[in-house]
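Input: a single structure, listed below in structure tokens.
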Amino acid sequence: MHVACPLAADLDAALRTAAAAAGWADAADFQPDVRAADPRHADFQANGVLPHAKARRLNPRALAEQLVAALPPELRATCTVTVAGPGFINFTLQPEALLAWLRAHATAEQLRAACAGGAAGTWVVDYSSPNTAKQMHVGHLRSAVIGEALCRLLAFTGATVVRDNHLGDWGTQFGKLIYGYKRWADPAALAADPIEELERLYKRGHEATPEGSPELEEARRELVRLQQGDPENVALWRKFSEVSLGAFQRIYDRLGIRFDHNLGESFYNDQVERVYTELTAAGIAEVSEGALVVFHPEHPRFKTQPFLVRKADGASNYASTDLATALYRTEHFGAAGIVIVTDFRQSDHFEQLFLTVRKWFTARGYRLPELHHVTFGAVTGEDGKALKTRSGDVIRLKALLDEAEERAFALVTTKSPELPEAERHAIAAAVGVGAVQYADLAQNRSSNYVFSWDKMLSLDGNTAPYLLYAGARIHSIFRRAGVAPEDATALAAADAPATPAELALARRLIRFPDAIRQARETLRPHLLCLYLFELAGDYSSFNNADKVLVDEPAVRARRLLLCARTLLVLETGLHLLGLRPLRRM
RNA sequence: GCGGUGAUAGCUCAGCCGGAUAGAGCAACGGUUUUCUAAACCGUCGGUCCCGGGUUCGAGUCCCGGUCACCGCGCCA
């Protein structure tokens, strides 16, 4: 017998049909509002009867009873339906329906199919985007980690994702850096730690070129030479970029990030002229105080707060390059969506940018992609100010990841001293770096983030190790059982979930597509983190309450089935967050 | 001044389109192991959801007013 497992969308459709079958005069207007329910009450609840009844001055409980009576018998076979409170309709899935879902979602591909439909076409995601010739510090972590998770979520739900690192590789700072480099570069230091040396040279160049000094004039001339294509300066600039990208990639490797493109600001240098021309021709931009600016008369604030797209001296700025970038992404990649991940302080800039792009593209008849600015709160010190170590330097990302791995290594060695050292190091890398990533992802991105080593490196509670540990325990059970989690024959005899812990776990598993949908729609990975934490909690409770490897074949098979599906969902989810699951820890 | 974001347990935070008794983790205290990894599980303690109004069957959630914090607002990116 084949028993299907109805989910929210199926119940929604069934209720609409029932409204018509019950003879409601305005059944077409009925919005069932089916959603996942508090597990204490049901699997799903429909709240839509209350507002519907209210608008028509009818008794909501009576309406709800009519709907329930009009539901098709097939549905009643798969779930228990009750009316509760003022008129909620509760749906509790029968264990056989849960079993049907578990059987139907055996592979990553089947899981993905259940989650597809969120995004389509090409989505360009602009994240990380550090400045070249500088170290990455903890302030760079959020964009990289959140951006990568969003890329994976978008790809998982059907988009073709283009990962674009929009490097800050062009601008006035290069004049000072070249000035410093030509005078004080130390080849040995450059070979040992290039970024460190470039930072030193920039600082030295900056200090040696105070405002109004002849030295500053010389630094500016270096910049002009670079922009005019002077071979020596261009070669130096290229070297700075290469060295920087190499250092960045060592960080990205640890975070599981690989960009498709590194199209920095310099790439758009010769594309801004078209922006000026088209914006001016369309009457969108105007000259004000010598600069080319865009006002938005329909906007309460931007009708007077200008968007400067070209400076009075004729030079481009980041608005110019961001406009050129939006055009390039649309024309070259055919972007259906553009997601830019930066901190909240740039909200005004991107709001103005998007308003301008919409008018510009509409005026020219260009395809208009969906535009999203994904913001996140600042990382601050305990005082709410910019982050510093005790010595006054910013905390380097490399140092943070190193510290995380060291702490994790000490813990692995305590917990699992029998494992070979190389494996303990590999586990420590996944646990330590994963903890740092997860600490960032698990918090709602819009709130500010007070940095603390203990919080970032915590290994208890709602943290990466808790999720990784649940997975490692499942692998351990399969090792003991002598079967692979993908081995369907070991699961064939499974019957429906029966114990409270089994049922709670199965009910959590079927909600995975809903969690994915929410995280994707809101571009908020913490909703996926929350789900995975609850899943790992339900699994841990199950693991504690019900022994898997028992003698009765049906019980053993159904618990192995739950383990296999938990593992599949957990590892899929961890991967979407950019974390690496572990088989042992 | 205008605008954005935030304020929920001692601490760090969830709370999705208004929905049922506001939830986790940490910390504190107590319990669970001859049994698949105790990095676990179970329990106890802990709340003026910043303040004041409003909308309604129902408000942490929406609206209005206020307080505090961080941030943005003409040539940095």
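These numbers come from the heavy atoms of this one structure, side chains and all, not from hydrogens, waters or symmetry mates. Numbered from 1 within each chain, the chains take letters A, B, ... in sequence-line order.
- Atom-to-atom, CD of Gln346(A) to C1' of rG3(B) comes out at 17 Å; the value is rounded to the nearest Å.
- As a whole-Å value, the separation of Arg524(A) CZ from rC13(B) P is 15 Å.
- In the interface, the side chain of Gln518(A) is paired with the base of rC16(B) through a donor and an acceptor atom under 3.5 Å apart.
- At whole-Å resolution of the value, CG in Asp460(A) and P in rA40(B) are 6 Å apart.
- Base orientation of rC17(B): syn, since the glycosidic angle falls within 90° of 0.
- Note: Phe267(A) and Tyr328(A) have perpendicular aromatic rings, judged against thresholds of 30 and 60 degrees for the angle between ring planes.
- Taking atom CG on Asp551(A) and atom P on rC36(B), their separation rounds to 15 Å, with Å as the unit.
- Checking rC57(B), rA38(B), rG19(B) against the side-chain heavy atoms of Tyr469(A) singles out rA38(B) as nearest.
- Remark: the Tyr318(A) side chain and the rA77(B) base include a donor-acceptor N/O pair separated by less than 3.5 Å.
- Taking atom C1' in both rG23(B) and rU8(B), one finds a spacing of 10 Å when rounded to whole Å.
- Spacing between rA9(B) and rU44(B) at atom C1', rounded to whole Å, works out to 15 Å.
- Of the candidates rA14(B), rA40(B), rG19(B), rG19(B) carries the atom nearest the Asn47(A) side chain, counting heavy atoms from C-beta on.
- A donor and an acceptor atom sit less than 3.5 Å apart, one in the side chain of Ser288(A) and one in the base of rG74(B).
- Here rG74(B) is the nucleotide among rC41(B), rG4(B), rG74(B) with the atom lying nearest to any side-chain atom of Leu308(A).
- Of the candidate nucleotides rG74(B), rC41(B), rG19(B), rG19(B) has the atom lying nearest to any side-chain atom of Pro51(A).
- Remark: side-chain polar atoms of His296(A) are not paired, donor with acceptor, to backbone N or O of Glu298(A) under 3.5 angstrom.
- Regarding Phe44(A), its CZ atom lies at a distance of 17 Å from the P atom of rG19(B), rounded to whole Å.
- Aromatic stacking of His41(A) on rA20(B): satisfied, with centres closer than 5.5 Å and planes within an angle under 30 degrees.
- Ring pair Tyr318(A)/His349(A) is parallel by interplanar angle, where below 30° counts as parallel and above 60° as perpendicular.
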Taking it one step at a time, do Gln437(A) and Leu577(A) satisfy side chain to side chain contact (heavy atoms under 4.5 Å, CB included)?
CA-CA 8 Å; Gln437(A) 292 171 288; Leu577(A) 295 175; over 6 Å; no

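- Listed nucleotides rA14(B), rA77(B), rA40(B) differ in distance to Gln443(A); the shortest reach to its side chain belongs to rA14(B).
- In this structure rA39(B) sits in no base pair that meets the Watson-Crick or G-U test at under 3.5 Å.
- Here the separation of rC63(B) from rG6(B), taken at their P atoms, is 12 Å to the nearest Å.
- In this structure, Asn444(A) places its CG atom 8 Å from P of rG6(B), rounding to the nearest Å.
- Minimum atom distance to the side chain of Leu549(A) is reached by rC36(B), of the listed rC36(B), rC75(B), rA77(B).
- Here, rG15(B) and rA7(B) have their C1' atoms 15 Å apart, quoted to the whole Å.
- Checking Ala42(A) against Asp348(A), the closest nucleotide of RNA chain B that is more toward the 5' end is the one next to Ala42(A).
- If you measure from atom NZ of Lys415(A) to atom C1' of rA40(B), you get 9 Å, rounded to the nearest angstrom.
- Of the N and O atoms on the side chains of Asp322(A) and Thr325(A), not one donor lies less than 3.5 Å from an acceptor on the other residue.
- Candidate nucleotides rC2(B), rG15(B), rC36(B) were compared by shortest atom distance to the side chain of Leu527(A), and rG15(B) ranks first.
- Taking the six-membered ring where the residue is Trp, His373(A) and Phe354(A) present perpendicular rings, their angle passing 60° and hence far from 30°.
- Taking the six-membered ring where the residue is Trp, His140(A) and His137(A) present tilted rings, their angle falling between 30° and 60°.
- Rounded to the nearest Å, the gap between the C1' atom of rA22(B) and that of rC49(B) is 8 Å.
- The nearest heavy atom of RNA chain B to Thr522(A) and to Asn317(A) marks one nucleotide each, and the one closer to the 5' end goes with Thr522(A).
- Base pairing analysis places rA9(B) opposite nothing; no Watson-Crick or G-U wobble pair with both distances below 3.5 Å involves it.
- Here rG74(B) is the nucleotide among rC17(B), rA14(B), rG74(B) with the atom lying nearest to any side-chain atom of Val293(A).
- A donor-acceptor contact shorter than 3.5 Å is absent between the side chain of Asp343(A) and the backbone of Gly377(A).
- In this structure, rC2(B) forms a base pair with rG72(B), meeting either the Watson-Crick or the G-U wobble geometry with both donor-acceptor distances under 3.5 Å.
- In this structure, the nucleotide among rA39(B), rG74(B), rA40(B) sitting nearest to the side chain of Met585(A) is rA39(B).
- Across all strands shown, rC57(B) pairs with rG19(B); the Watson-Crick or G-U wobble distances both stay below 3.5 Å.
- In this structure rG52(B) sits in a base pair with rC64(B), meeting the Watson-Crick or G-U test at under 3.5 Å.
- With hydrogens and angles left out, the side chain of Gln45(A) and the base of rA20(B) share a donor-acceptor pair within 3.5 Å.
- rA28(B) is paired with rU44(B) under the Watson-Crick or G-U wobble criterion, all donor-acceptor distances under 3.5 Å.
- Nearest to the side chain of Leu50(A), among rG74(B), rC2(B), rC57(B), sits rC57(B).
- Whole-Å rounding puts the Gln31(A) CD to rC17(B) C1' distance at 11 Å.
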